[in-house]
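To keep things clear, I will list the structure first and then write my remarks on it.
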Amino acid sequence: MITDARPLQPEFVPADVRHRDGEIDALTSTLAPILDGNHADPALLYGPSGTGKTCIARYAVDKLRSEVVNLHTQYVNCWEDYTRFKTLFRVLEGLNRSFDVHRQSTPRDELLDKLRNAIDTAYVVVLDEVDQLEETTVLYDLWRTPGLSLVLIANEEKELFAELEGRVTSRFKTAIRISFDCYGTNELIGILEDRVRWGLHQDAITDDQLRWIADASAGDARVAIGILRAAAQEADQRGLEQVTDEVVREAAPEAKAEIQRKNVEKLTTDQRILYDIIRDQGSVSPDDLYERYSGEVDDPKSNRMVRNYLKKMRRYNLVTATGKGRARMYSAVE
DNA sequence: CCTCCACTGGAAGATCGGGAAG
DNA sequence: CTTCCCGATCTTCCAGTGGAGG
């Protein structure tokens with residue numbers, strides 16, 4: 001069934017990206033000054049998830065690297081590296097200079113100094129999920145670093161700039177904005193057909209089944225590819241030659257549950273207990289939640305810390321909050 | 001309307017753990 | 001070994017918000 005698992009992975013970047021010619025051109029021409037050894041304005045890619053922002057950024061940067069001899073590039077996911085320190089560390093890592101920072105206790109701002117000294121050639125840094133950064137001053141720091149070009153990726157342009165400080169916002173006025181819209185059903189089918197051709201046996205899945213997956217994905221290519229992967233894996237496990245309709249229909253919730261499971265695994269013990277209480281109760285008020293939590297744990301964290309945990313769980317889309325003020329209720333996402 | 005107060009999240013300082021310097 | 005310094009985590013304090021209930 002599966003001949004090559006790589007095209008079914010979320011981070012796979014195809015050699016030839018579909019349905020995004022305009023966006024690729026826009027990003028390529030923004031980065032073009034680097035070809036002549038000049039500084040490129042920052043690019044800001046925004047749009048809903050699964051619309052190819054990350055893919056295009058990687059594709060354009062890879063292409064640039066094949067055309068420029070001395071070019072460093074780095075991809076940083078700000079969801080994972082959400083502090084100033086971690087982001088700077090990753091950026092330094094892209095220059096292979098993190099070895100002289102393997103200690104945590106470097107003097108304040110030494111990372112930025114090291115970075116500015118270490119840049120000797122053009123350096124393109126992609127900051128993905130940049131709206132998840134908790135210390136946005138790092139954007140200002142990177143912006144002011146000579147020789148460094150930024151590609152920023154976010155979901156909502158408005159939300160991003162609402163978070164940023166004034167001085168950062170004004171700096172990014174000149175940024176080239178490239179917006180991404182959801183894929184249509186036929187576009188998604190085209191993307192899935194490619195992945196099938198590269199990763200599965202011929203005739204493993206029918207056109208109708210691909211259409212069903214595309215419809216179930218609501219324009220999100222990541223979801224679509226996830227469902228395809230889950231279906232192929234399940235069919236593989238059952239020793240089937242072809243994917244059946246039943247397998248495809250079961251794969252959709254399975255692909256979503258997979259993401260959920262991975263996120264729950266990232267929670268700490270206290271966070272996990274809170275999550276379990278919310279899930280068991282169905283819907284619970286903040287006061288009631290903290291009451292139950294304190295009763296269940298020997299050494300409960302403060303109420304304020306629990307609110308931080310809840311914020312994190314909302315970011316992971318494990319928990320939703322409804323109602324404002326005293327009407328606030330928390331419930332688990334199914 | 002108005003007041004009350006449960007809830008939120010920012011700010012500032014304490015504490016923890018780990019690595020480095022003395 | 002101790003001491004110092006860092007980031008990360010956590011607590012304490014508090015101002016702002018907006019439903020609930022007069």
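Residue numbers begin at 1 in each chain, while the letters A, B, ... track the order of the sequences. These figures come from a predicted structure and were not determined experimentally.
- With rounding to the nearest 0.5 Å, the separation of CD1 in Ile178(A) from CD1 in Ile56(A) is 9.5 Å.
- Considering only heavy atoms from C-beta on, Glu93(A) comes within 4.5 Å of Arg90(A) through its side chain.
- Note: CE (Met329(A)) to P (dG19(C)) measures 15 Å, nearest angstrom.
- Side-chain to base pairing of Arg326(A) with dG21(C): no donor and acceptor N or O lie closer than 3.5 Å to each other.
- Ring planes of Tyr290(A) and Tyr293(A): tilted class, angle from 30 to 60°.
- Of the candidate nucleotides dG19(C), dT12(C), dA8(C), dA8(C) has the atom lying nearest to any side-chain atom of Lys86(A).
- Between the OH atom of Tyr309(A) and the P atom of dT8(B) there is a distance of 16 Å, given to the nearest Å.
- The distance from atom CG of Asp270(A) to atom P of dC16(B) is 16 Å, rounded to the nearest whole Å.
- Salt bridge status for Arg238(A) with Glu250(A): present, with a side-chain N to carboxylate O gap under 4.0 Å.
- One interatomic measurement links the two molecules: CG of Asn303(A) to C1' of dT11(C), which rounds to 11 Å at whole-angstrom precision.
- Salt bridge annotation for Arg272(A)-Asp276(A): present, with a cationic side-chain nitrogen under 4.0 angstrom from a carboxylate oxygen.
- Computed from coordinates, the Lys311(A) NZ to dT8(B) P distance equals 13 Å when rounded to whole Å.
- Nearest nucleotide to the Phe85(A) side chain, out of dA8(C), dT11(C), dG9(B): dA8(C).
- Taking only side-chain nitrogens and oxygens, Arg328(A) never comes nearer than 4.0 Å to OP1 or OP2 of dC5(B).
- Of all the residues in residues 282-294 of chain A, not one reaches under 4.0 Å from DNA chain C with any non-hydrogen atom.
- Comment: Glu254(A) engages Arg261(A) in a salt bridge, judged by a side-chain N to carboxylate O separation of less than 4.0 angstrom.
- Residue pairs satisfying the ring pair (Phe, Tyr, Trp, His ring centres under 6.0 Å) criterion with at least one member in residues 313-334 of chain A, sequence neighbours excluded, are listed as follows: Trp79(A)-Tyr316(A).
- Atom-to-atom, CD of Glu80(A) to P of dA8(C) comes out at 15 Å; the value is rounded to the nearest Å.
- Residue-level contact check: Arg307(A) touches the bases, meaning some heavy atom is under 4.0 Å from a base atom.
- Arg304(A) places its CZ atom 13 Å from the C1' atom of dG16(C), with the value rounded to the nearest Å.
- Using a 4.0 Å cut-off, some side-chain N or O of Tyr82(A) falls inside it from OP1 or OP2 of dT9(C).
- Of the listed nucleotides (dT9(C), dC13(C), dT8(B)), dT9(C) has the atom at the smallest distance from the side chain of Met305(A).
- Between Asp299(A) atom CG and dC10(C) atom P there is a gap of 11 Å when expressed in whole angstrom units.
- Considering only side-chain atoms of Lys301(A), the nucleotide from dC10(C), dT12(C), dG18(C) that sits closest is dC10(C).
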